[in-house]
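Letters A, B, ... are given to chains in the order of the sequence lines, protein chains preceding strands, and every chain is numbered from 1.
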Amino acid sequence: MTALADAAVDRDHAEVEHFYARQMRLLDSGEADAWAATFTEDGSFAPPSLPEPVRGRAALAEGARGAVAALAAEGETHRHWVGMLAVRPRGDGSLLAESYVQVVAVRPGEGPRLHLMCTCADVFVRQDGELLVRERVVTRDDRR
Amino acid sequence: MTALADAAVDRDHAEVEHFYARQMRLLDSGEADAWAATFTEDGSFAPPSLPEPVRGRAALAEGARGAVAALAAEGETHRHWVGMLAVRPRGDGSLLAESYVQVVAVRPGEGPRLHLMCTCADVFVRQDGELLVRERVVTRDDRR
Amino acid sequence: MTALADAAVDRDHAEVEHFYARQMRLLDSGEADAWAATFTEDGSFAPPSLPEPVRGRAALAEGARGAVAALAAEGETHRHWVGMLAVRPRGDGSLLAESYVQVVAVRPGEGPRLHLMCTCADVFVRQDGELLVRERVVTRDDRR
């Protein structure tokens, strides 16, 4: 790989890392609409808990609002923690980002609990200079 | 954002990541004075366990020594693990670094335990080319 | 440090991060030979469970195959999660990469379990432009 290509890969890696820090924090703090806006307008999310992907920002925001409400009802905070990130450019200008994701659950007065161990595969596209998720597939290690 | 500004943000991100790897390792291995020296001379640290921030390197080092001694007495190792880092330049030349922090506790012959799940907000300033923490605020998710 | 040296350090950091994402995923998905090929031909790995380092790709692959088979027999998935990475160039052109490593274990239908908390020190060399591990030393925090 050339030095120029290397630099581009490093740039992508850093930018995706930063994206996840922002995106997961939005979800964890209950900002469902802002979270949904980090997907493309027709973005899809295939979570391990549903038979079909959720598609489009409106449906994504609705799903996130449901999850946020369920956590609030239980008095539980979730932290999505992305790591072991590998980003690869694809021929069509999109990026494939593969990562491991921990979900840590915390209740007031209790110790934190490692709730889920997942893998995440995201296809990113750039619109007006900004990275957006066009397609997300998440698998749970306890359902392999 | 321009490519030049992007590059600066990536640089900051990588440098802060590297800073945390070094700083937390100092704390975890009991080097209280070297850890305190990663703050500015008048740096402050508002931990979740105290009503008032600890201020100044001498007080920071003293606090760290106390924590190190308490862990040694219990025969416990703590590992501070920073992730989900988002770094933003502020108008005054300082950086705001927000992150999630896991504290993992380990005792000889026992499995590791996820001890605390925290958020950390650090204000960094650069002195003689080196990043130092001027202000740290840590919150515990089990006390939200 | 000069800006040029800084840029080189950032590059190394990003490249090693990417290396680990790829290398650990190979191990976690059972690709023993591809995992062994991320070490130099005479690479060594001193795991905490053995009195002597494992040396050479053939022995490394054999060890990995054994570990993979043992996990498969127990129906357990392991995820190696590297963080808190600090990379330093050494005078001879090699890199020293120090990190914390979590091993998370998951069984079907059960919650994930933080299985091991380790430190890893790797010496990397570059061959034909590619980073390879020449020497790996891993310690377990529960055996300190």
Side-chain angles (χ1 to χ4, degrees), chain A residues 4 6-31 34 38 68 71-72 74-85 87 99-117 120 126 128-131, chain B residues 1-21 48-49 76 78-89 95-107 110-122 137-144:
Chain A
L4 259 179
D6 271 345
V9 167
D10 290 349
R11 168 70 55 82
D12 292 339
H13 187 94
E15 192 175 355
V16 171
E17 233 178 45
H18 212 261
F19 174 95
Y20 283 128
R22 193 167 55 85
Q23 189 197 41
M24 298 299 172
R25 199 170 265 108
L26 288 173
L27 183 62
D28 294 342
S29 55
E31 298 179 57
T38 62
V68 167
L71 286 176
E74 297 177 35
E76 194 160 289
T77 301
H78 277 193
R79 297 290 181 187
H80 290 75
W81 189 297
V82 179
M84 303 306 282
L85 175 66
V87 179
S99 59
Y100 288 176
V101 184
Q102 292 183 0
V103 183
V104 175
V106 193
R107 293 179 184 225
E110 297 181 16
R113 179 171 48 89
L114 182 48
H115 174 56
L116 290 180
M117 183 76 218
C120 179
R126 199 177 290 279
D128 300 326
E130 193 187 2
L131 284 183
Chain B
M1 201 181 284
T2 68
L4 259 179
D6 272 346
V9 167
D10 290 349
R11 169 70 55 82
D12 291 339
H13 186 95
E15 193 176 354
V16 171
E17 232 177 44
H18 212 262
F19 174 95
Y20 283 129
S49 51
E76 194 161 289
H78 277 193
R79 297 290 180 187
H80 289 76
W81 190 297
V82 179
M84 302 307 282
L85 174 66
V87 180
R88 281 205 309 269
L95 298 174
L96 175 64
E98 296 179 291
S99 60
Y100 289 176
V101 184
Q102 293 182 0
V103 183
V104 175
V106 193
R107 294 179 184 226
E110 296 181 15
R113 179 172 46 90
L114 182 50
H115 175 56
L116 290 179
M117 183 76 219
C118 301
T119 66
C120 178
D122 278 344
V137 177
V138 171
T139 63
R140 279 171 57 163
D141 282 343
D142 58 328
R143 296 192 182 166
R144 282 158 63 95

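The contact between A:Val82 and chain B is made by backbone and side chain atoms together, counting heavy-atom distances below 4.5 Å. For chain B, no part of A:Glu130 is nearby; none of its heavy atoms comes within less than 4.5 Å. A:Arg22 does not touch chain B: none of its heavy atoms, backbone or side chain, sits under 4.5 Å away. Looking at B:Glu17, the atoms closer than 4.5 Å to chain A (heavy atoms on both sides) all sit in the side chain, from C-beta outward.
Closest of all the heavy-atom pairs between A:Leu114 and B:Leu114 is N-CD2, 4.2 Å.
Residues satisfying the salt bridge (charged side-chain N to carboxylate O under 4.0 Å, His left out) test with B:Arg113, not counting sequence neighbours, are B:Glu76. In terms of the salt bridge (charged side-chain N to carboxylate O under 4.0 Å, His left out) criterion, residue partners of B:Arg140 (sequence neighbours excluded) are, by chain and number, B:Asp142.
One distance of note links NE2 of A:His78 with CG of B:Asp141; it measures 11.0 Å at 0.5 Å rounding.
B:Arg88 CZ: 12 or fewer foreign heavy atoms inside a 6.0 Å radius.
Between the side chain of B:His13 and the backbone N or O of A:Glu15, no donor-acceptor pair lies under 3.5 Å.
A heavy-atom distance below 4.5 Å is found between the side chains of A:Arg25 and B:Tyr100.
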